[in-house]
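Everything below concerns the one structure shown next.
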Amino acid sequence: MIAAPDRTPLSRDFFDRPVLEVAPDLLGRTLVRRTPDGPIELRLTEVEAYDGANDPGSHAFRGQTARNTVMFGPPGHVYVYFTYGMWHCMNFVCGPPGQASGVLLRAGEITEGAELARKRRLSARYDKELAKGPARLATALGVDRALDGADACGPPDSPFTILRGTPVPADQVRKGPRTGVSGDGAVHPWRFWVADDPTVSPYRAHTPRRRST
DNA sequence: CCCGGGATTCCCT
DNA sequence: GGGAATCCCGGGT
């Protein structure tokens, strides 16, 4: 028998801790995303920590701007950014206001509403690829900048709710270098994933692009 | 499977 | 101006 995931919401205090504690603790949790067409649920399998102003890999490293304002606010809210001209990615803000830490949601398993996720991810050959990678995850859940700042610890009809789910035992948590991060920010092993999970995204070291003239 | 190149727009310098 | 917390497709092995 496998115990059913715990559908109690996580409290805001869960996120009001050092980001390196929160990130591995998020593995196995259930994110509910309520779309106009119905709910989609995701079991988190891969995340990355970004440690505020101390972290050269963080969007908060150079201080507060219009884009990253939500990172400097209270924990438990969602920071959504747009990147590479095409994609959105989402984070949970961690630590007290001003800390500007966050956890990037890199991959997960769709456990409810797969038919809704498939409509947004037409290139996915298998369901395990629906949310395999941070931009794929955001696409599958219908997340864009309009949801920047949404509260994942708010009322039960909100766009997001994060549930206790089934936390992953420490001996099944793996860690390694962050994906896609360049320069000094690449050295930290702040990517966390569930051992042997088929929905975890493949590691690709950062490769600088040439520019066309 | 692995690797390399192109897409496409916003943000900060 | 130039890079970006990425993805997809095509070609080779």
Side-chain angles (χ1 to χ4, degrees), chain A residues 15 19-20 22-24 26-27 31 42 44-72 77-95 99-108 110 117-149 152 174-193 196 198-213:
Chain A
F15 294 98
V19 68
L20 291 173
V22 177
L26 277 167
L27 297 174
L31 177 62
L42 178 90
L44 287 168
T45 60
E46 182 189 354
V47 299
E48 272 176 8
Y50 287 85
D51 191 13
N54 306 317
D55 180 358
S58 171
H59 288 175
F61 183 61
R62 288 170 188 82
Q64 186 172 339
T65 66
R67 172 170 77 155
N68 66 19
T69 296
V70 169
M71 287 194 87
F72 289 80
H77 290 249
V78 169
Y79 164 55
V80 181
Y81 66 89
F82 178 75
T83 193
Y84 289 104
M86 279 176 281
W87 311 110
H88 296 273
C89 300
M90 64 174 288
N91 298 250
F92 291 129
V93 176
C94 295
Q99 178 93 25
S101 292
V103 176
L104 172 68
L105 309 188
R106 286 202 55 90
I110 303 287
R118 286 184 205 116
K119 289 182 192 170
R120 302 179 185 277
R121 289 274 302 121
L122 296 178
S123 67
R125 294 164 295 176
Y126 308 102
D127 281 1
K128 67 184 180 183
E129 297 175 346
L130 287 172
K132 187 183 214 164
R136 291 167 171 181
L137 183 155
T139 300
L141 298 184
V143 172
D144 64 18
R145 283 281 283 172
L147 289 164
D148 186 46
R174 299 290 179 269
K175 66 181 174 184
R178 293 181 295 189
T179 307
V181 175
S182 58
D184 295 341
V187 303
H188 301 113
W190 289 350
R191 171 179 173 247
F192 302 91
W193 68 94
D196 301 318
T199 66
V200 171
S201 66
Y203 175 76
R204 303 270 288 228
H206 180 262
T207 52
R209 283 161 307 288
R210 271 166 304 196
R211 94 191 127 77
S212 56
T213 51

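Here is how names work: the chains are called A, B, and so on, in the same order as the sequence lines, proteins then strands, and each is numbered from 1.
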- request: Give a yes or no on whether a donor-acceptor pair under 3.5 Å exists between the nucleobase atoms of dA5(C), that is its base, and the side chain of Y81(A).
  value: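 Such a pair is found, so the answer is yes.
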task: From the options K132(A), R106(A), K175(A), select the one residue that forms a salt bridge (charged side-chain N to carboxylate O under 4.0 Å, His left out) with E46(A).
output: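 With E46(A) as partner, K132(A), R106(A), K175(A) yield a single salt bridge (charged side-chain N to carboxylate O under 4.0 Å, His left out), made by R106(A).
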query: Taking any strand in view, what nucleotide pairs with dA5(C) in a Watson-Crick or G-U wobble way, both distances under 3.5 Å?
result: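 Across any shown strand, dA5(C) pairs with none.
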field: dT8(B) pairs with, by Watson-Crick or G-U criteria that keep both distances under 3.5 Å
entry: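 Checking every strand shown, dT8(B) finds no partner, since no pair has both distances under 3.5 Å.
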The side chain of [X] is closest to which nucleotide in this list: [options]?
X: A135(A); options: dA4(C), dA5(C), dC7(C); value: dC7(C)
X: R136(A); options: dC10(B), dC7(C), dC12(B); value: dC7(C)
X: F82(A); options: dT9(B), dA5(C), dA4(C); value: dT9(B)

Nearest whole Å is fine: how far is [N] [atom2] from [X] [atom1]?
X: H59(A); N: dT13(B); atom1: NE2; atom2: P; result: 12 Å
X: Q64(A); N: dC12(B); atom1: CD; atom2: P; result: 11 Å
X: R125(A); N: dC8(C); atom1: CZ; atom2: C1'; result: 10 Å
X: N68(A); N: dA5(C); atom1: CG; atom2: P; result: 12 Å
X: R62(A); N: dC12(B); atom1: CZ; atom2: P; result: 10 Å
X: L104(A); N: dA5(C); atom1: CG; atom2: C1'; result: 5 Å
X: D148(A); N: dC11(B); atom1: CG; atom2: P; result: 11 Å
X: H88(A); N: dT9(B); atom1: NE2; atom2: P; result: 11 Å

field: Atom of S101(A), atom of G52(A) and distance for their closest heavy-atom approach
entry: OG-N, 3.4 Å
Exercise: identify the closest heavy-atom pair between V22(A) and C94(A): CG1-SG, 3.7 Å
Flag side-chain contact, heavy atom, 4.5 Å: L105(A) against L44(A): yes
Base, sugar-phosphate alone, or nothing: which one does [X] contact when heavy atoms must sit under 4.0 Å apart?
X: R191(A); result: nothing
X: R204(A); result: base
X: T139(A); result: nothing

Look at the side-chain N and O atoms of [X] and state whether any lies under 4.0 Å from the OP1 or OP2 oxygen of [N].
X: T179(A); N: dA5(C); answer: no
X: R106(A); N: dT6(C); answer: yes
X: S123(A); N: dC8(C); answer: yes

SB check D196(A) R174(A) (cutoff 4.0 Å):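 The answer is no: the pair does not qualify as a salt bridge.
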- request: State plainly whether the residues R178(A) and E48(A) are in salt-bridge range, i.e. N to O under 4.0 Å.
  value: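 No.
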statement: Comparing nearest nucleotides in DNA chain B, the 5'-proximal residue of the pair R145(A), M86(A) is M86(A)
